[in-house]
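Written below as structure tokens is the structure these notes are about.
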Amino acid sequence: MASSLTTEIKQRLIALVRENFALELEDVVSEIPPKTELGDLAFPLAFDLAKRIKAATGEKKNPREIAAKLAEGLKTGPGVARVEIAGPGYLNVFFDRARTFSQLANPQSAIRNPQPGKLIVEHTSINPNKAAHIGHVRNSVLGDTTARILKATGETVEIHNYIDNTGVQVADVVVGFMHLENKSLAEIKAIAERPVTKREDSFDYYCWELYSRVGQWYEGDKTRLQIRAQTLHEIEEGNNATAEIGEYISSRIVDCHLETMARLDISYDLLARESEILHLHFWAHAFEKLKASGAIVFETEGRSKGCWVMRAEEGRGDRETGGQGETESEHDADKIIVRSNGTVTYTGKDIAYHLWKLGKLGLDFHYRLLRHDHHGREVWITTGDEAAGSKSHPTFGNGTAFLNVIDVGQSYPQANVKKAVVALATSVEERARVARSAHLAYEKVTLTPAAAVELGTELSEADQQRQQIGMSGRKGLGVKADDLIDRLEAKALAEVQSRNTDISEAQQQKIARQIAVAALRYFLLKYTRTSIIAFDFEEALKFRGETGPYLQYSVRRLSNIFSELGRSTDDVRGDFAKLSPEEVTAQFSGEAGDTLWSLVYFASRLDDTVQLSASTFEPTHVAKYAFQLADQFNTFYQDKRFHILKESDPKRKTVLLIAVDVVRQKLSQALSLLGIEVPEKM
RNA sequence: GCUCCCGUAGCUCAGUGGAUAGAGCAUCUGCCUUCUAAGCAGAGGGCCGCUGGUUCGAGUCCAGCCGGGGGCACCA
């Protein structure tokens, strides 16, 4: 479409530069001019060429002169209406609007070129010991949306949710039940399985509160930390009563998390559990491979004596004058993988897991079908028990690269994991593929002081001065995901009921849910990954302005035009096919024509935006695009010159309807990529 | 000490080295007899943290400062 035309024009420019100036360009930079009047595509390349020509021949050329030469060769090509030289030497290209529009009018199939290999996207990965909070939701929404966008570019994506069911955080809640509440497994089960009439009764909320109490309990007497260490040890060991309790609690909490995420239309292909990584001895295999490859070495001296370490980047302190400090600072940066007592660190286990993700470990999990998600798709979970595993499970892992959505605080261990995995790649090609793996680091969600107060926290004077306050599971301070979704749904329901009295209550509730999801997902996607979100209730609960509901409302308006019209889009396309290129062109001329064209042209840029988002793993680009397209449409919609249904000229009406249909399709696609559904009524 | 991120309108944030730096919110002024108010039009509001450098061109790249937040365990 427009993007293929861009590529074509770039190729022709490269050829023109070769013919006219005997220079070889690898690529040509293009940009979108700030105003429609300046054209559809601008090339600032004449400035650069002037310099290169001078360097090559000594001849001084005016950029405008160069641009004029290129314009001469460019303006005769297909798809190009005209070419202008602007300012100090911009080459501005105007598309053949009728031709571009007609191509857009015929929706091509949504199937993209399938890409080779499989990307493993890991997201969510919440410690299974308490309710999910808004920070976890940011992770899940980023991961889910990134996966949707990658799939749209033709990638095969497998979605994993890592379950750290044998970690300290689970141990803490086990300690809470066993030592603070003196509860047996049966009693814990009674709590977890009791009927839930209000949100606070649910098990993950119970554990949220208990976890915070355990933190205080440790504070009261530090020797109690020994109980935690012992509990953790028993959980890791397995096959004992403590481990059984840990297994039960973490499994129930995982169920809660899956329900929470399902509310936001988020699901997974596989839940990979740490207990299996331990019990199936993934590390032992990884250790042999790491040793054999030289990726880790045994330290015989210095502060890491007796440990297996991964060397820091070599050549770090080369330019130092070479004092005593040099070797020490070099070795400071080495990452210990196996401690001197022979036990493996977290990073070591994570390396083993990631070797498995890429099919490089030589071991596999056993799998069992956990459930069918809200769309009826299978969700699998790992198991260490071969007998419990399914004989006919899908193939998991064996990815060409992994993408981990993990908060920015984990950058250091994540970098070490990738370093180790890349070091084990056996060929240059494989290294290149694996190197695509990335840590999709995102910033935290913090609380504004106002939000913290609203959650019932008493702030110290120092905290009141701060711009933001960190959430803390340990302190029980945070915005629980289900609470927030509940509030959004309640607010949305009130809005829906005030506007749509003619539909059933069930229908009102469904719409309210869709609006709540849109509001929350868009709220989390409108920020770049690296921006800290200081959570504010007022901001998050907004349905106006730059929000998800605004986008939904825009699509509703687009669709209403067709329902009021009472004709199908296919029908209108039939009319459109009968128009001559001249008749279409006529609608795109003049001031009104420019306005119409800029709307259509912006709509055509969805594909480019999706590519940008996919290559940078930054879903916010699609979110911003959707908002801008909706914004532009709404302006158009209220423009007196474009009252579509009242349009008396049937040809003009047809063109306007096709334009609206193009915008509707692109906006709907964008929303679908963002995980936002469009309600039937609003 | 080393390292990563952030600093743009009153607030929250966009801004692939290019043209007159944008949006939402908030404030103010208008617009519901409609394909249209979960919306639209308009107004005000900016030493793009500071100082240098590279470049035809810097909010964007480089260096150094200033301010804020992370990370740098034989923790996970």
Side-chain angles (χ1 to χ4, degrees), chain A residues 29-35 38 42 44 46-48 50-51 63 86-90 92 127 164 166-169 171 232 274 303-309 316 329 332-333 335-347 349-350 407-413 415 441 443-444 446 448 466-468 470 492 495-496 499 515 519 526-534 536 538-539 542-554 556-558 560-565 608 612 615-616 620-621 623-624 627-628 630-631 634-639 642-647 660 682:
Chain A
V29 176
S30 69
E31 58 184 87
I32 308 290
K35 285 183 170 182
L38 292 169
F47 309 115
D48 184 49
K51 193 168 35 174
Y90 285 99
N92 289 353
N127 273 306
D164 184 6
T166 52
V168 184
Q169 295 217 25
L232 179 60
E274 186 176 62
R303 52 184 285 174
S304 307
K305 185 178 178 181
C307 301
W308 287 87
V309 305
R316 256 291 167 81
S329 65
D332 267 359
K335 177 64 196 168
I336 290 166
I337 304 298
V338 180
R339 304 179 187 109
S340 56
N341 67 5
T343 57
V344 60
T345 62
Y346 163 80
T347 302
K349 280 184 275 187
D350 219 19
D407 82 87
V408 68
Q410 299 292 312
S411 296
Y412 176 69
E443 271 292 357
K444 298 186 203 337
T446 61
T448 59
R466 295 164 75 94
Q467 296 202 317
Q468 49 191 272
E495 298 274 353
V496 171
R499 289 156 216 254
I515 291 172
K526 67 190 265 199
Y527 302 90
T528 51
R529 280 192 282 125
T530 50
S531 167
I532 296 173
I533 300 177
D536 181 72
E538 199 188 331
E539 195 68 31
K542 263 182 187 136
F543 292 163
R544 291 161 180 269
E546 191 188 345
T547 65
Y550 173 85
L551 301 180
Q552 294 174 308
Y553 187 70
S554 305
R556 241 347 336 126
R557 281 182 151 179
L558 282 156
N560 284 347
I561 295 170
F562 280 92
S563 37
E564 290 291 323
L565 179 72
D608 292 338
L612 177 66
S615 61
T616 54
T620 198
H621 292 129
K624 291 283 179 190
F627 172 68
Q628 284 165 21
D631 189 38
N634 279 312
T635 303
F636 167 84
Y637 189 65
Q638 302 213 167
D639 190 325
F642 304 105
H643 202 291
I644 297 160
L645 296 185
K646 283 187 188 160
E647 178 56 51
V660 164
M682 270 188 89

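The model shown is predicted, which means the values in this text are computed figures rather than measured ones. Letters go in sequence order (proteins before strands), and every chain restarts at 1.
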Requested in this report: Might you work through the side-chain hydrogen bond (donor to acceptor under 3.5 Å, both in side chains) test for E274(A) and T166(A), ending with a clear yes or no?
Outcome: CA-CA 6 Å; E274(A) 186 176 62; T166(A) 52; 2.5 Å; yes
**Report entry** Position toward the 5' end of RNA chain B (nearest nucleotide), L38(A) or E495(A)
**Finding:** L38(A)
Query raised in the report: Between N560(A) and I32(A), who's closer to the 5' end of RNA chain B by nearest nucleotide?
Result: I32(A)
Query raised in the report: When you check the glycosidic angle of C6(B), does it come out syn, meaning within 90° of 0, or anti?
Result: anti
Query raised in the report: Who passes salt bridge (charged side-chain N to carboxylate O under 4.0 Å, His left out) against D536(A), sequence neighbours left out?
Result: none
Using the [atom1] atoms only, state how far [M] lies from [N], rounded to an integer number of Å.
N: G64(B); M: A21(B); atom1: C1'; value: 26 Å
N: G17(B); M: C56(B); atom1: C1'; value: 12 Å
N: U55(B); M: A63(B); atom1: C1'; value: 16 Å
N: C66(B); M: G49(B); atom1: C1'; value: 7 Å

Quick check: does any side chain N or O of [X] sit under 3.5 Å from a backbone N or O of [Y], one acting as donor and the other as acceptor?
X: T448(A); Y: Q468(A); result: no
X: R499(A); Y: E495(A); result: yes
X: T343(A); Y: R339(A); result: no

Between [options], spot the one nearest the side chain of [X], thanks.
X: T530(A); options: C6(B), A19(B), C40(B); value: C6(B)
X: Y637(A); options: A14(B), A19(B), U36(B); value: U36(B)
X: Y412(A); options: C5(B), C56(B), G71(B); value: G71(B)
X: S531(A); options: A14(B), C5(B), C74(B); value: A14(B)
X: K646(A); options: C74(B), C35(B), C5(B); value: C35(B)
X: Y550(A); options: C40(B), C74(B), C35(B); value: C40(B)
X: A86(A); options: A76(B), U36(B), A19(B); value: A19(B)
X: H621(A); options: A19(B), G15(B), A37(B); value: G15(B)
X: I336(A); options: G70(B), U34(B), C74(B); value: C74(B)
X: N634(A); options: A38(B), G39(B), G15(B); value: G39(B)

Reckon [X] touches a base, only the sugar-phosphate, or nothing at all at heavy-atom distances under 4.0 Å?
X: A441(A); result: nothing
X: D164(A); result: sugar-phosphate
X: L565(A); result: nothing
X: T166(A); result: nothing

Grab the [atom1]-[atom2] distance between [X] and [N] for me, whole Å please.
X: L558(A); N: G39(B); atom1: CG; atom2: P; result: 15 Å
X: K349(A); N: A76(B); atom1: NZ; atom2: C1'; result: 7 Å
X: D407(A); N: G71(B); atom1: CG; atom2: P; result: 9 Å
X: E31(A); N: U60(B); atom1: CD; atom2: P; result: 17 Å
X: Q628(A); N: A14(B); atom1: CD; atom2: P; result: 13 Å
X: F642(A); N: G39(B); atom1: CZ; atom2: P; result: 21 Å
X: Q410(A); N: G71(B); atom1: CD; atom2: C1'; result: 10 Å
X: F47(A); N: C56(B); atom1: CZ; atom2: P; result: 12 Å

Requested in this report: Look at the side chain of S340(A) against the base of C74(B) and say whether a donor-acceptor pair falls under 3.5 Å; ignore hydrogens and angles.
Outcome: yes
Requested in this report: Check if the side chain of N92(A) and the base of A19(B) share a donor-acceptor pair of N or O atoms closer than 3.5 Å.
Outcome: yes
**Report entry** Ring centroid separation Y550(A) to F543(A) under 6.0 Å
**Finding:** no
Does [X] have any side-chain contact (heavy atoms from CB on, under 4.5 Å) partners at least two apart in sequence or in another chain, and if so, which?
X: V344(A); result: W283(A), K349(A)
X: S563(A); result: N560(A)
X: T530(A); result: T528(A)
X: L558(A); result: F633(A), V660(A), V663(A), R664(A), L667(A)

Please confirm whether the shortest side-chain N or O distance from [X] to OP1 or OP2 of [N] is below 4.0 Å.
X: R339(A); N: A76(B); result: yes
X: R556(A); N: A38(B); result: no
X: T635(A); N: A41(B); result: yes

**Report entry** Base versus backbone protein contacts along nucleotides 24-32 of chain B [heavy-atom cut-off under 4.0 Å; B, S, -]
**Finding:** SS-------
Checking base pairs now: Watson-Crick or wobble, both atom distances under 3.5 Å. What partners [N]?
N: G64(B); result: C50(B)
N: C25(B); result: G10(B)
N: C40(B); result: G30(B)

